[in-house]
Amino acid sequence: MTHTLYVWHEKAYDGEIALARKGRLLNSAGARKTNTLEIKPKLVYRVRHDDAEELVTDPVEVYHLTHKYPKSTVDILPVIV
């Protein structure tokens, strides 16, 4: 079972309801989505490399991406429930 997180600016939201509670975005159409196998992740890592961006919740995946792309940058986004 996968869990969907919605990333809007510098925060990640645990589902469409949490996103709608924010009040700025009433639907998920404008947010980036990422799926995770974790039930309740607390952080989302945004890894930017070359001209791409990847959203992951696993620090091990961050490690692999940053070693594959040494000039990458990582932003840590809190998950809002």
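Predicted, not measured: the structure shown is a model, and the values here were computed from it.
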With the 4.5 Å side-chain cut-off for hydrophobic clustering, are [X] and [Y] part of the same group?
X	Y	answer
Val74	Leu43	yes
Tyr45	Tyr69	yes
Val7	Leu19	no

query: For the residue pair Leu55 and Lys33, what are the closest heavy atoms and their distance?
result: CD1-O, 4.4 Å
Within a strict 4.5 Å, meaning less than it, do heavy atoms of the [X] and [Y] side chains meet?
X	Y	value
Leu5	Pro41	yes
Val44	Val79	yes
Tyr6	Glu16	yes
His3	Asn35	no
His49	Val47	yes
Val56	Val62	yes

message: Between Asp50 and Lys71, does any NZ, NE, NH1 or NH2 come within less than 4.0 Å of an OD or OE carboxylate oxygen?
response: no
field: Approximate separation, where rounding is to 0.5 Å, of Asp14 CG and Thr36 OG1
entry: 10.5 Å
message: Please report the interatomic distance CZ(Arg32) to CG(Leu77), rounded to the nearest 0.5 Å.
response: 10.5 Å
message: Show, in sequence, the C-alpha distance, side-chain angles and deciding distance for Glu54 and Arg46, and conclude whether the side-chain contact (heavy atoms from CB on, under 4.5 Å) test is met.
response: CA-CA 6 Å; Glu54 296 189 44; Arg46 179 171 41 212; over 6 Å; no
field: Steps toward side-chain contact (heavy atoms from CB on, under 4.5 Å) verdict (Arg48, Thr73)
entry: CA-CA 5 Å; Arg48 293 180 175 149; Thr73 61; 3.6 Å; yes
